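Only one structure is covered here, and it is reproduced in the block below.
Note that this is a predicted model, so its numbers are computed, not measured. When a ligand or atom number is given, it counts from 1 through the structure's own listing order. Numbering starts at 1 and runs along the sequence shown.
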Amino acid sequence: MSRAREAERRARDVLDPVHFDFLAGGAGAERTLADNEAAFARRRLLPRVLRGAGAPDLSTTLLGAELAAPVVVAPTAFHRLAHPDGEVATAVGVAAAGGLMTLSMMATVAVEHVADVGVPLWFGLYLQPDRGFTAAVVARAQDAGCRALVVTADSPVRGRHTRDLAHGFRALPEGMVCENMRDADWRVRDLVVDADLTWDDVAWLRATTSLPVLVKGVLHPADARLAVGHGVDGVIVSNHGGRQLDGAVSTLDALPGVVDAVAGRVPVLLDGGVRSGTDALVALALGADAVMVGRPVLWGLALGGAAGVRAVLGDLADELAHALTLVGARRPGDLTPDLVVTP
Ligand SMILES: Cc1cc2nc3c(=O)[nH]c(=O)nc-3n(C[C@H](O)[C@H](O)[C@H](O)COP(=O)(O)O)c2cc1C
């Protein structure tokens, strides 16, 4: 069992069961949630030997950020459900691992406090129908030091999370709010998910900010082409960790089509089901420039705060480095699709 999987098992024991289910669960019958992981389990590696790969080198530059490994923390809401220090503890752990964190707009700690930690930060943005409010949130994230915007495109409606519906879990506990959803008067606004959003809204954002913009939640190659056509700086292959459209294709199965469509014009990232360094290696070999991890970081946070986050990311990097050498490669960029087979 990979360390990330073991962390999930142990996190179940320490978290409130309703909160564990919120963090772990998916939409509908959780088919997509399960298939994200199963898709990795379906692949096997066809390693090369005697290539003199030497010591592995995971260092990666992504949109100007220098990373210890091609592993980025995905935006996830409500870290204070996992640990009292919430997103600050996550940031300390990510910084210690030499990583990059995407802070969710639905964070339970204000972006300014998280940025104080000094970790490279991207900001996970839900475009709001009130463009003035969206622009204010973007300006706030930029002023705090966020280096890119990650626009969530796969949530025109809220996900139907089966476990949350069963528990009646709808609101954050007393004393926790979405600190980045405050308006100019510092009142907390409700998140609006908007089924009227189009690529024009991405074009508007592109014209509003000088920050790099990545679009997250792309599965269809045609959308990948549209994203590049609208001037985005990165495409993230994601199905929201199986929390939106149940029955959507696994991200690993969608990856090659998106990689083809993007054709190297911007970085392609993948999230969903990455639970080991070998999983990361498979995604990198199939054309991802980096992977993102969601839940494993939350399990590390629940188990050990910043140290737990650092351990989860460190384990993933160690496993990736090991697997890299075993397939005969030195750097992630040396990986090629022929190293992955589906028997
Ligand atoms: C508890 C939880 C909260 C999430 N919140 C957000 C969010 O605020 N914005 C977003 O774009 N994605 C959100 N996601 C999706 C993640 O960014 C990511 O796509 C997914 O977790 C990756 O799959 P993995 O958990 O299998 O690594 C959330 C996922 C989880 C599990």
Side-chain angles (χ1 to χ4, degrees), residues 2 4-5 7-8 11 15 18-27 30 32-41 71-83 86-87 90 100-109 111 122-128 137 141 148-156 158-159 161 163-164 169 172 178-181 191 193 197 213-219 235-245 248 250-252 254-255 269-276 279-280 283 288 290-302 309 312-313 316:
S2 79
R5 273 181 207 289
E8 169 166 4
L15 284 168
V18 174
H19 296 165
F20 175 83
D21 273 349
F22 166 74
L23 302 171
E30 300 192 339
T32 297
L33 171 67
D35 202 38
N36 278 345
E37 293 190 21
F40 285 102
V71 180
V72 173
V73 173
T76 51
F78 308 166
H79 288 201
R80 285 184 62 207
L81 289 182
H83 189 275
E87 288 80 0
T90 312
L100 188 157
M101 170 173 173
T102 313
L103 181 72
S104 172
M105 185 149 143
M106 306 301 284
T108 42
V109 177
V111 59
W122 289 352
F123 189 80
L125 180 71
Y126 284 94
L127 290 167
Q128 297 297 285
V137 172
L149 301 171
V150 173
V151 177
T152 305
D154 58 15
S155 304
R158 283 175 199 273
H161 299 166
R163 303 188 207 188
D164 297 345
F169 177 70
L172 279 168
C178 292
E179 295 289 348
N180 298 317
M181 290 294 293
L191 180 80
V193 290
L197 288 174
V213 173
L214 298 95
V215 174
K216 173 172 179 282
V218 172
L219 297 172
V235 171
I236 303 172
V237 178
S238 174
N239 53 33
H240 217 108
R243 292 164 79 84
Q244 286 296 118
L245 176 63
S250 78
T251 50
L252 189 66
L255 177 67
L269 285 74
L270 167 142
D271 74 22
V274 176
R275 298 292 178 267
S276 70
D279 293 344
V291 295
M292 291 178 116
V293 280
R295 294 179 184 84
V297 173
L298 297 169
W299 309 143
L301 180 65
V309 170
V312 163
L313 293 174
L316 278 175

Under a 4.0 Å heavy-atom limit, does [X] contact ligand 1 with its side chain, its backbone, both, or neither?
X: Lys216; answer: side chain
X: Arg275; answer: side chain
X: Leu23; answer: both

Nearest heavy atom to [atom]: which of [options] does it belong to?
atom: atom 16 (C) of ligand 1; options: Gly26, Pro75, Gly242, Gly241; result: Pro75
atom: atom 23 (O) of ligand 1; options: Gly294, Ala4, Pro296, Gly272; result: Gly272
atom: atom 28 (C) of ligand 1; options: Thr76, Asn239, Val297; result: Thr76

Give the atom numbers and elements of ligand 1 that come within less than 4.0 Å of a heavy atom of [X].
X: Ala74; value: 17 (O), 18 (C)
X: Ser238; value: 19 (O)
X: Gly273; value: 24 (P), 26 (O)

Protein residue, atom and distance nearest to [atom], heavy-atom basis:
atom: atom 18 (C) of ligand 1; answer: Asp271 OD2, 3.2 Å
atom: atom 7 (C) of ligand 1; answer: Tyr126 OH, 3.3 Å
atom: atom 8 (O) of ligand 1; answer: Ser104 OG, 2.7 Å
atom: atom 1 (C) of ligand 1; answer: Arg243 NH2, 3.5 Å
atom: atom 11 (O) of ligand 1; answer: Thr152 OG1, 2.6 Å
atom: atom 3 (C) of ligand 1; answer: Ala77 N, 3.3 Å

Contact check, side chains of [X] and [Y], non-hydrogen atoms, under 4.5 Å:
X: Thr90; Y: Leu103; result: no
X: Pro296; Y: Arg275; result: yes
X: Leu172; Y: Arg80; result: no
X: Thr152; Y: Ser104; result: no
X: Thr32; Y: Leu245; result: no
X: Leu33; Y: Arg243; result: no

Whether Phe78 and Phe22 hold their rings parallel, tilted or perpendicular, with breakpoints at 30° and 60°: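 Parallel: the ring planes of Phe78 and Phe22 meet at under 30°.
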Contact check, Phe78 vs ligand 1, heavy-atom distance below 4.0 Å: no
Proximity flag Asn36 to ligand 1, non-hydrogen atoms under 4.0 Å: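 The answer is no, since Asn36 has no heavy atom less than 4.0 Å from ligand 1.
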Option among Val291, Leu269, Leu219, Val218 that satisfies the side-chain contact (heavy atoms from CB on, under 4.5 Å) test with Val237: Leu219
side-chain contact (heavy atoms from CB on, under 4.5 Å) partner of Glu87, the single match among Val109, Leu301, Thr76: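 That would be Val109; it is the only one of Val109, Leu301, Thr76 passing the side-chain contact (heavy atoms from CB on, under 4.5 Å) with Glu87.
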Listed partners of Thr251 passing side-chain hydrogen bond (donor to acceptor under 3.5 Å, both in side chains), at least two apart: none
Heteroatom proximity flag, Leu298 to ligand 1, N/O under 3.5 Å: no
Residues which pass ring-ring contact (aromatic ring centres under 6.0 Å, His included) with Trp122, listed by chain and number, not counting sequence neighbours: none
